[in-house]
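One structure below.
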Amino acid sequence: MAIPGVHLTRIGKGSFLLEPLRSLNIQDQDVLTREIVALVQQEQGLRLYYDLDGVPVIDRVYYGWLDKLARTCQALNIKMICINMQPTAAFTLSKLITNKPIFETALGVPD
């Protein structure tokens with residue numbers, strides 16, 4: 001599914017895997033959010049797994065992007081789960097958040 005800066009793949013009934021590419025430009029997050037959620041919703045998706053394996057640090061801007069995408073998903077009854085978070089990303093994220101994030105986290109996609 002062609003969305004600039006991400007690779008979105010259906011990985012099972014109701015589940016999608018979102019992999020950010022190096023070319024991801026989160027300055028366009030409103031457009032990205034609409035396109036991602038529209039494709040997942042069109043396919044009657046229930047879960048969006050966001051692969052953070054290639055994201056070594058989560059700063060305020062990136063956290064804002066994750067939060068916006070997760071809140072949009074939640075409004076449409078789609079659960080967003082961040083997977084493969086690196087320890088450095090988890091550490092920097094822990095310095096930013098004051099409340100529990102809207103998204104869930106997991107080690108990976110369940111079997």
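Atoms considered below: every heavy atom in the structure, side chains included; atoms not considered: hydrogens, waters and symmetry mates. The residues of the chain are indexed from 1 along the displayed sequence.
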For a side-chain contact (heavy atoms from CB on, under 4.5 Å) check, start with the C-alpha distance between W65 and L32, then their side-chain angles and the critical distance, and finish with the verdict.
CA-CA 10 Å; W65 153 243; L32 283 168; 3.8 Å; yes
Dump the intermediate steps for side-chain contact (heavy atoms from CB on, under 4.5 Å) on T92 and D59, then the final yes or no.
CA-CA 7 Å; T92 57; D59 61 12; over 6 Å; no
What are the two closest heavy atoms between I58 and L66, and how far apart are they?
CD1-CD1, 4.2 Å
Just wondering, do D51 and V109 contact through their side chains at under 4.5 Å, heavy atoms?
no
Look at the side-chain heavy atoms of Ile, Leu, Val, Met, Phe, Trp and Tyr, link any pair under 4.5 Å apart, and say whether I11 and I83 land in one connected group.
yes
Write down the atom of L48, the atom of C73, and the distance for their closest heavy-atom approach.
CD2-SG, 3.9 Å
Measuring from atom CG of L39 to atom CD1 of I3, what distance do you get when rounded to the nearest 0.5 angstrom?
4.5 Å
Between T105 and L52, does a side-chain contact (heavy atoms from CB on, under 4.5 Å) hold up when you go through it step by step?
CA-CA 10 Å; T105 58; L52 290 170; over 6 Å; no
Does any part of the side chain of L18, heavy atoms only, come nearer than 4.5 Å to the side chain of L69, both counted from C-beta?
yes
State, with a plain yes or no, whether a side-chain heavy atom of K68 is found less than 4.5 Å away from one of D30.
yes
L24 and Y50: which non-hydrogen atoms are nearest, and at how many Å?
CD2-OH, 3.9 Å
Would you say L93 and M85 make side-chain contact, with heavy atoms under 4.5 Å?
yes
Nearest heavy-atom neighbours spanning Q86 and P56:
OE1-CA, 3.7 Å
Identify each donor-acceptor pair in which a side-chain atom of residues 74-81 lies under 3.5 Å from a protein atom, sequence neighbours left out, and give them as a table.
none

Is F103 linked to L96 within one hydrophobic cluster, defined over Ile, Leu, Val, Met, Phe, Trp and Tyr using a side-chain heavy-atom separation of less than 4.5 Å?
yes
Show the nearest heavy-atom pair for residues R47 and K13, with the distance to one decimal.
NH2-O, 3.1 Å
For the hydrophobic clusters of this structure (ILVMFWY residues joined by side-chain heavy atoms under 4.5 Å, transitively), does one cluster hold both V61 and F91?
no
Using every non-hydrogen atom in the two residues, find where G5 and S23 come nearest and quote the distance to one decimal.
CA-OG, 3.6 Å
Mind checking whether Y49 and F16 sit in one hydrophobic cluster, side chains of I, L, V, M, F, W, Y counted as touching below 4.5 Å?
no
Interatomic distance, Q29 atom CD to Y62 atom OH [nearest 0.5 angstrom]
11.0 Å
Could you give the distance from CD (Q44) to CZ (R10), rounded to the nearest 0.5 Å?
8.0 Å
